[in-house]
Student: 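Structure below; questions to follow.
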Amino acid sequence: MANLLVTHAHLVTFRGGRFAEIGDGALFAKDGVIAWMGPMADLRRADHQGATRLDAKGALVTPGLVDCHTHLVYAGSRANELQMRLQGKTYAEIAKAGGGIVSTVAATRAASNAQLRAATSRRLSALMAEGVTTVEIKSGYGLDVEHELRCLRIARSLAADHAVSISTTLLGAHAVPPEFKGRADDYVDLVCDRMIPRAASEGLASAVDGFCESIAFGPAQMKRVFESARRHGLRVKLHADQLSDGGGAALAAEYEALSADHLEHTTEAGIEALARAGSVGVILPGAFYYLRETKLPPIASMRRHGLRMAVATDCNPGTSPTTSLLTMVNMACVLFGLTPEEALAGATCHAAAALGLDDRGVLEIGRRADLAIWDAHEPAELAAQIGGMRPTQVIFEGRVRQ
Ligand code: DI6
Ligand code: FE
């Protein structure tokens, strides 16, 4: 594997989860891993002989971005729902009337493997163009054993022809599919007894997620899903307290979830429980914006309890149709009041933690050499634009991404 030496870089490291910089720095990547980094003045020739050199000319160099919450695998469009919501219908009303998640399920089931892969690939490429080097992809629009596994397989297959690292999550408990209408508990049985065991034994998912909400699954049902995940050795995550306080955060904490996501309606006690459990709080400003929500997530409480905050796109056709993680960084600042440094930590180191990946998201010796190089001087410049910002170069596993 080729070695790479990046010189004259303004390194943003996030070591220990904290914002830190090396003004005129160098970074040596060997076999895809950061073998040395530090101030230019400390660089020794012997340490990097034979390496390809890349002069960053003072540019900002951050860890590659990590999008830790996406629903990239789907077919069809939900543009009609924007029109319905503009006419005053709520997301919950549309879902109850047969729109929402189950309409995307119908379109996804009807799509061929090639169509579904092509649509997902387009969205993945758009995320990557902004400097994303790790993406989490959830299933959740198949909602039967074969279609959920198919979505996970398609998600995993994309790593073969995209220079990005993909982490997959089984979201069988996303909605009750039409064939189980009125029999949610029977569907939960299917998720627990057939879907989770298959996803685990076939190595198709790294975690199990669920939509814990009045219009989806209650805490008792999610508990059964989490018990099954635990039996099969999979970590859990949860869509929690997005539209109402359903006790999702406390449940996620009880199962030491990797993350609890959304959290707009989470109480102080819920935030405290998550922080104590070591979970990450994933904030999703795209969904907040698109649904025109007004209840802000309790950011002050998250800071007070030291809950690590990640920022993600939640890319999905119904509530957050976006493939721009940097726009989410912007919205996390503008709508939720994060500082640019907090928001950038949320799209790098804390996002990696939300996926249980401790080998990335931070610039430090021994971590993966996944970097983004920006025509910028400070993190605020990455947060100050609404879309359109692109890295000048991306390094993935120690190589310049073409
Ligand atoms: N993530 C989800 O999975 C749901 N909301 C959210 O923020 C619903 C997605 C959808 O409507 O398709
Ligand atoms: Fe989501």
Side-chain angles (χ1 to χ4, degrees), residues 67-82 84-85 89-109 119-120 123 127 135-143 148 151 155 167-178 191 207-217 222 225 236-244 246 248 252 257-266 280-293 295 297 310-323 325 328 331 335 351 354-355:
D67 192 348
C68 67
H69 181 143
T70 85
H71 307 250
L72 288 192
V73 192
Y74 66 84
S77 157
R78 302 253 292 278
N80 62 321
E81 293 184 16
L82 172 62
M84 290 165 82
R85 281 190 293 105
K89 292 245 179 335
T90 66
Y91 177 71
E93 284 165 354
I94 294 166
K96 280 195 196 109
I101 295 171
V102 298
S103 69
T104 298
V105 170
T108 303
R109 286 178 178 175
T120 308
R123 291 185 276 269
L127 282 176
V135 185
E136 184 253 21
I137 303 179
K138 301 176 197 295
S139 62
Y141 293 114
L143 304 192
E148 282 292 296
C151 291
S167 174
T168 49
T169 301
L170 174 69
L171 177 56
H174 196 194
V176 179
V191 172
V208 169
D209 195 351
F211 192 19
C212 187
E213 194 57 63
S214 52
I215 55 166
F217 299 95
M222 279 317 309
V225 171
V236 301
K237 308 169 81 66
L238 192 64
H239 285 69
D241 309 328
Q242 178 189 8
L243 307 169
S244 60
L258 287 167
S259 71
D261 304 37
H262 288 292
L263 305 178
E264 279 86 341
H265 292 263
T266 302
V280 174
V282 181
I283 56 173
L284 302 167
F288 175 91
Y289 162 82
Y290 196 63
L291 295 183
R292 299 206 286 187
E293 294 291 331
K295 176 90 172 66
V311 178
T313 60
D314 194 14
C315 173
N316 79 69
T319 67
S320 192
T322 177
T323 47
L325 183 55
M328 302 304 109
M331 286 186 180
L335 299 176
L355 298 177

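In this text the structure is predicted, and so the values were computed from the model without any measurement. Both counts, for ligands and for their atoms, begin at 1 and track the order of listing.
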Student: Using a 4.0 Å cut-off to any heavy atom of Gly318, which atoms of ligand 1 qualify?
Tutor: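 Selected atoms, number and element: 11 (O).
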Student: Any nitrogen or oxygen of His69 lying under 3.5 Å from a nitrogen or oxygen in ligand 1? Just yes or no.
Tutor: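 Such a contact does not occur with ligand 1.
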Student: May I ask you to check if any N/O/S atom from His69 comes under 2.8 Å of the Fe ion (ligand 2)?
Tutor: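 Of the N, O and S atoms in His69, at least one lies under 2.8 Å from the Fe ion (ligand 2), which means yes.
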Student: In terms of atom number and element, which parts of ligand 1 are under 4.0 angstrom from non-hydrogen atoms of His174?
Tutor: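 Near His174, the atoms of ligand 1 are 2 (C), 3 (O), 4 (C), 8 (C), 9 (C).
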Student: Could you tell me whether the side chains of Thr70 and Glu136 share a donor-acceptor contact shorter than 3.5 Å?
Tutor: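 There is no such pair (donor and acceptor under 3.5 Å, judged by atom type) between the side chains of Thr70 and Glu136.
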Student: Can you tell me, to 10 degrees, how wide the angle at the Fe ion (ligand 2) is between NE2 on His71 and NE2 on His239?
Tutor: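 So the angle at the metal works out to 100°.
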Student: Need the ligand 1 atom indices (1-based, order shown) with element for anything under 4.0 Å from a heavy-atom of His71.
Tutor: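 Those atoms are 1 (N), 2 (C), 3 (O).
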Student: If only side-chain N and O atoms count, and only distance matters, is there a donor-acceptor pair under 3.5 Å linking His239 with His69?
Tutor: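 Their side chains do contain a donor-acceptor pair, which is all the 3.5 Å distance test asks for.
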Student: How close do Pro285 and Met328 get, counting heavy atoms only, and between which atoms?
Tutor: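 Residues Pro285 and Met328, closest heavy atoms: CG-O, 3.5 Å.
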Student: Of all the heavy-atom pairs spanning Met222 and Ala173, show the shortest one and how long it is.
Tutor: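 Shortest heavy-atom contact: SD-CB, 4.1 Å.
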Student: Going by distance only, is there an N or O of His262 that falls short of 3.5 Å from an N or O of ligand 1?
Tutor: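 Indeed, backbone or side chain, His262 has an N or O that close.
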Student: Measure from the Fe ion (ligand 2) to each N, O or S atom of Asp314 and report whether any distance is below 2.8 Å.
Tutor: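 Looking at Asp314, which is the residue asked about, there is an N, O or S atom under 2.8 Å from the Fe ion (ligand 2).
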Student: Do we see a donor-acceptor contact under 3.5 Å between the side chains of Asp314 and His71?
Tutor: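 Their side chains do contain a donor-acceptor pair, which is all the 3.5 Å distance test asks for.
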Student: Using a 4.0 Å cutoff against the non-hydrogen atoms of Arg78, which atoms of ligand 1 qualify?
Tutor: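 Close to Arg78: 10 (C), 11 (O), 12 (O).
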